[in-house]
Amino acid sequence: MSMGPGAGGPPWRHLRSDRSVVDNKIERKTLRRVLEFARPHRRLITAFLAVTVVDAALVVAPPLLLKTIIDDGVSSGDTTLVVWLALLVALVAIVDAAFGLVTGWLSSRIGEGLIYDLRTQVFAHVQRQSLAFFTRTQTGALVSRLNNDVIGAQRAFTSTLQGTVSNIIAAVVVGVTMLFLSWPVTVLCLALFPILLIASKLVGARLADLSRAQMDGNADLGNAMTERFNVGGAMLLKLFGRREAEDIAYAEKAAVVRDLGIRISLLTRIFFAAMTLVPSLATALVYGIGGYLAIRGDLSVGTIVALGVLLTRLLGPLQGLSNVRIDVMTALVSFDRVFEVLDLPSLIQEKPDAVALPSTASKLEFDHVAFTYPRADQISLASLETVARTESRDSGQVLHEVTFTAQPGQMVALVGPSGAGKTTITHLVARLYDVESGTVRVDGHDVRDVTLQSLEDVVGYVTQDAHMFHDTIRANLLYARPGADDTDVWASLEAAQIAHLVRSLPDGLDTVVGDRGYRLSGGERQRLAIARLLLKAPSIVVLDEATAHLDSESEAAVQQALDAALEGRTSLVIAHRLSTVRDADLILVLDDGRVVQQGTHADLLAAGGLYATLHATQFREVPTAPVPG
Ligand SMILES: Nc1ncnc2c1ncn2[C@@H]1O[C@H](COP(=O)(O)OP(=O)(O)OP(=O)(O)O)[C@@H](O)[C@H]1O
């Protein structure tokens, strides 16, 4: 009887829901999978439905008891009967409240359990997507969509399920009881209800359109602020003196949202007027016609009162049922979108018979490697396409016929103009992407034949914009080796030339770094990343030397840290420093995805060509440690 969330929330909630969902086609497969998700909770769902059915059927008890109180108790002056029946009405109310508690408890256990299942599965799955997925997908859009859809899917099992079941039972039980009490009055009353349904449909469709436009408008306002209220955007705005123009553009957008808000509120009021008018008219009918029939002796006074009360209990369920289709479809569409993410295969798959690379593996070979970045349509989600504009154009082959070998302990330097493919080559080592043709081997094993974990253990990366989680320095370092103790942590910080800085911070290792934490300079961040790498101690190191304009002191510190990182390890380095190329055992000169020259610094300088040009224009001397020559 307690309609609460069972009735699916307030009746006007539907007016705001997106009616376009019913245009979607839900496959039988989706339904089957939804049931699979529900299976672990089937006991709770059964109990939930049982309580809901009994509760919905109880809705007619109080009106019928009221009828008996008036007709049998009050009319015949039977005080005992009146008292007992009144107590019974109170008892029904208490039972109803208890049922309400039980359904609330059951529904939250089912709902939260389901959210937990979906969330953990989605997180685990998205985490295992290839890097290509993350470069193409707007993470913010994906995250908010998933959050909304997971909650939408949960609603299917709680309010939608309970609402539908309890509304059907309540409408049937109340309708039949009313017909049984007086069919002429009931038929006349029910004839009024279609007016309500038509009004709700007409206004609802319009309101849904307006609400969607308002949501888009609000999103527009939000985006405008996010883009301008970050440091980069705010700086651009100031540097180009666009304050006034920005004010006007924002005010225009805000005005659209304001006007839509006014129209929505007006329409909602019209709808409310219809909502309250129809039941009032029906009540007038009950008492008018019922009263007339009572005077004629065809109906008792108790029956009129019971009909009046029952009428009020019919409105909610009928209203709810008129929107069942939208509710169910909305929930299923949410499920469908979550499944879409769960079904997205990762481009990088581990073979079932993959072997573990030994942790000492240190020889790296590229054998006639060609590579093309995957197209957006190979990795993106169809339903996110409206948010993240995808292009299906191929980026074209980025690497062609790349062949080289880094023997254990050797340093191979990659040099070449911007866009030549240096970073791309480094991505292929730890299988961030797979080659198109040719082979990348570590210790003679094709990287596609080994387990991802063992490959990730063997290869360590230091990128230019080394990412740190918003967490303490200790936690960020232990990410590389969870079991390491403080001695190891300090040793790696020492070797990376960053220990003195960490020591000088008031919270030391417990200083929070990352996006919203302590702001590290470019050089400090890279040295911290090197410390993290040293703690991981991989046998192959891939690193991108900083090109940021470090002052000479931190440049020398980074250089020393790098020396420590490369010591005794095989390395692939995107080189920006003269000292690095001089020290390299092999330099690969890349141009437009091809290795156009290779050899040592001296050989290449002597040969002339692209390397000699790059040498003259790109390589910077480390100021504090000049190399004679
Ligand atoms: N995720 C991507 N999707 C499609 N194309 C890409 C992607 N990343 C890079 N490219 C393209 O691949 C080519 C090689 O890029 P890469 O980043 O490897 O060059 P680079 O030599 O490292 O350049 P830089 O020195 O400027 O960092 C470029 O033409 C670039 O536009």
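All residue numbers in this chain count up from 1 along the given sequence. Any value given below was found using the heavy atoms of this structure, including those in side chains, with hydrogens, waters and symmetry copies removed. Start at 1 and go down the list; that is how both ligands and their atoms are numbered.
The existence of a salt bridge linking Asp486 and Arg474 is confirmed by a sub-4.0 Å separation between a basic side-chain nitrogen and an acidic carboxylate oxygen. One finds no salt bridge joining Asp592 and Arg594 here, because no Lys/Arg side-chain nitrogen approaches an Asp/Glu carboxylate oxygen to under 4.0 Å. Taking 4.0 Å as the cut-off between side-chain N and carboxylate O, Glu494 and Arg503 count as a salt-bridged pair.
For Gly416, the heavy-atom gap to ligand 1 stays at 4.0 angstrom or more.
When Ile425, Thr424, Thr426, Leu414 are checked for heavy-atom proximity to atom 15 (O) of ligand 1, Thr424 turns out nearest. Closest heavy-atom approach to atom 27 (O) of ligand 1 among the candidates Ile574, Leu131, Thr423: Thr423.
Of the N or O atoms in Val398, none lie within a sub-3.5 Å distance of an N or O in ligand 1.
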**Trace of the salt bridge (Lys or Arg N to Asp or Glu O under 4.0 Å) decision for Arg441 with Asp449** = CA-CA 9 Å; Arg441 290 192 204 93; Asp449 295 336; over 6 Å; no

